[in-house]
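Side chains are part of it too, since the values below use all heavy atoms of this structure and drop only hydrogens, waters and symmetry mates. Residue numbers count from 1 along this sequence.
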Amino acid sequence: QVQLEESGGGLVQPGGSLRFSCAASTNLFSFYVMGWYRQAPEKQRELVATISGSGRTNYADSVKGRFTISRDNAKKTVYLQMNSLKPEDTAVYYCHAGADSRLGSWGQGTQVTVSS
């Protein structure tokens, strides 16, 4: 089981930016698909973005052009840069390690609130 420690998040005004970091405990980090998911109140958890070990990325349509996922394999850390934030981005954001979100490891979750 990979331990994931998230940092970042908070309260931001619409149009603002935030950056998440997620540090992993495994020395096999470079082999893991890493992802960010989010869950808004009374909604199911949804994919935000994923990145393969080689850097191939995948984004939800709702965040394309605004969010950027990246990773530093040497630091065993994955990042999520969120720009042009909207109120509908308000959710708890989770870091995930693994190719299948039904399996793998999850971070503790971090609240993002976009509000004026």
Side-chain angles (χ1 to χ4, degrees):
Q1 192 79 352
V2 179
Q3 300 299 314
L4 301 171
E5 184 172 347
E6 302 173 18
S7 60
L11 174 64
V12 64
Q13 292 185 343
S17 297
L18 285 173
R19 189 186 194 220
F20 280 128
S21 297
C22 173
S25 62
T26 178
N27 288 327
L28 300 177
F29 178 79
S30 63
F31 296 100
Y32 277 85
V33 174
M34 299 297 297
W36 291 96
Y37 293 74
R38 67 186 181 187
Q39 187 167 17
E42 300 182 358
K43 291 188 177 181
Q44 289 189 330
R45 191 173 297 186
E46 63 177 4
L47 169 72
V48 175
T50 61
I51 185 167
S52 71
S54 62
R56 184 169 58 188
T57 58
N58 178 55
Y59 294 94
D61 288 343
S62 59
V63 306
K64 282 180 180 177
R66 299 189 298 122
F67 291 12
T68 301
I69 189 171
S70 61
R71 66 191 294 159
D72 185 331
N73 287 337
K75 294 182 178 179
K76 298 185 288 185
T77 300
V78 62
Y79 306 95
L80 184 69
Q81 177 68 43
M82 302 183 291
N83 298 328
S84 303
L85 282 160
K86 304 175 181 180
E88 51 264 43
D89 295 317
T90 295
V92 177
Y93 284 71
Y94 297 89
C95 177
H96 179 261
D100 188 338
S101 63
R102 294 169 296 179
L103 304 171
S105 301
W106 293 94
Q108 77 275 17
T110 305
Q111 177 70 45
V112 170
T113 302
V114 184
S115 175
S116 54

Show your working on side chain to side chain contact (heavy atoms under 4.5 Å, CB included) between Met82 and Val48 and close with a plain yes or no. CA-CA 11 Å; Met82 302 183 291; Val48 175; over 6 Å; no
Would Arg66 and Asp89 satisfy side chain to side chain contact (heavy atoms under 4.5 Å, CB included), going step by step from the backbone distance to the final call? CA-CA 11 Å; Arg66 299 189 298 122; Asp89 295 317; 2.7 Å; yes
For side chain to side chain contact (heavy atoms under 4.5 Å, CB included), just list the numbers for Leu11 and Gln111, CA-CA rounded to whole Å, side-chain angles, deciding distance to a tenth of an Å, and then say yes or no. CA-CA 8 Å; Leu11 174 64; Gln111 177 70 45; over 6 Å; no
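The neighbour count for Glu5 CD, taken as heavy atoms of other residues, nucleotides or ligands under 6.0 Å away, does not exceed 12. Applying the 6.0 Å contact sphere to CD of Gln44 captures no more than 12 heavy atoms from other residues, nucleotides or ligands.
The two residues Ser17 and Ser84 have their closest heavy-atom pair at OG-N, 4.4 Å. Across all non-hydrogen atoms, the minimal contact from Ser21 to Thr77 is CB-CG2, 4.3 Å. Minimum heavy-atom separation, Leu47 to Ala60: O-CB, 3.4 Å.
Side chains of Leu4 and Met34 form a contact here, defined as non-hydrogen atoms less than 4.5 Å apart. Residues Phe20 and Ser7 fail the side-chain proximity criterion, which asks for heavy atoms closer than 4.5 Å. Looking at heavy atoms from C-beta onward, Phe29 lies out of side-chain contact with Val2 at the 4.5 angstrom threshold. Put simply, the side chain of His96 does not reach to within 4.5 Å of the side chain of Thr50, judged on heavy atoms.
Separating the CD atom in Gln108 from the SG atom in Cys95 is a distance of 9.0 Å, to the nearest 0.5 Å. With values rounded to the nearest 0.5 angstrom, Tyr59 atom OH is found 8.0 Å from Leu80 atom CG. To the nearest 0.5 Å, the span separating CZ on Arg45 from OG on Ser101 amounts to 9.0 Å. Here the straight-line distance linking atom CG of Leu85 with atom OG of Ser115 works out to 12.0 Å at 0.5 Å rounding. Taking SG of Cys22 as the start and CH2 of Trp106 as the end, the distance is 11.0 Å to the nearest 0.5 Å. Residue Asn58 holds its CG atom at 9.0 Å from CD1 of Ile69, rounded to the nearest 0.5 Å.
The main-chain N or O of Ile51 is never found under 3.5 Å from a side-chain atom of Thr57 such that the two would form a donor-acceptor pair. Under a 3.5 Å cut-off, the side chain of Tyr79 and the backbone N or O of Asp72 do not form any donor-acceptor pair.
Criterion: ILVMFWY side-chain heavy atoms under 4.5 Å apart, direct or through other members. Under it, Val78 and Val112 are part of a common hydrophobic cluster. No single ILVMFWY cluster, assembled from side-chain heavy atoms under 4.5 Å apart, contains both Trp36 and Tyr94.
The side chain to side chain donor-acceptor pair (under 3.5 Å) test with Tyr93 singles out one residue from Gln39, Arg38, Glu6, and that residue is Arg38.
Judged by a 6.0 Å distance limit and a 45° cone about the ring axis, Arg71 is not positioned over the six-membered ring of Tyr32.
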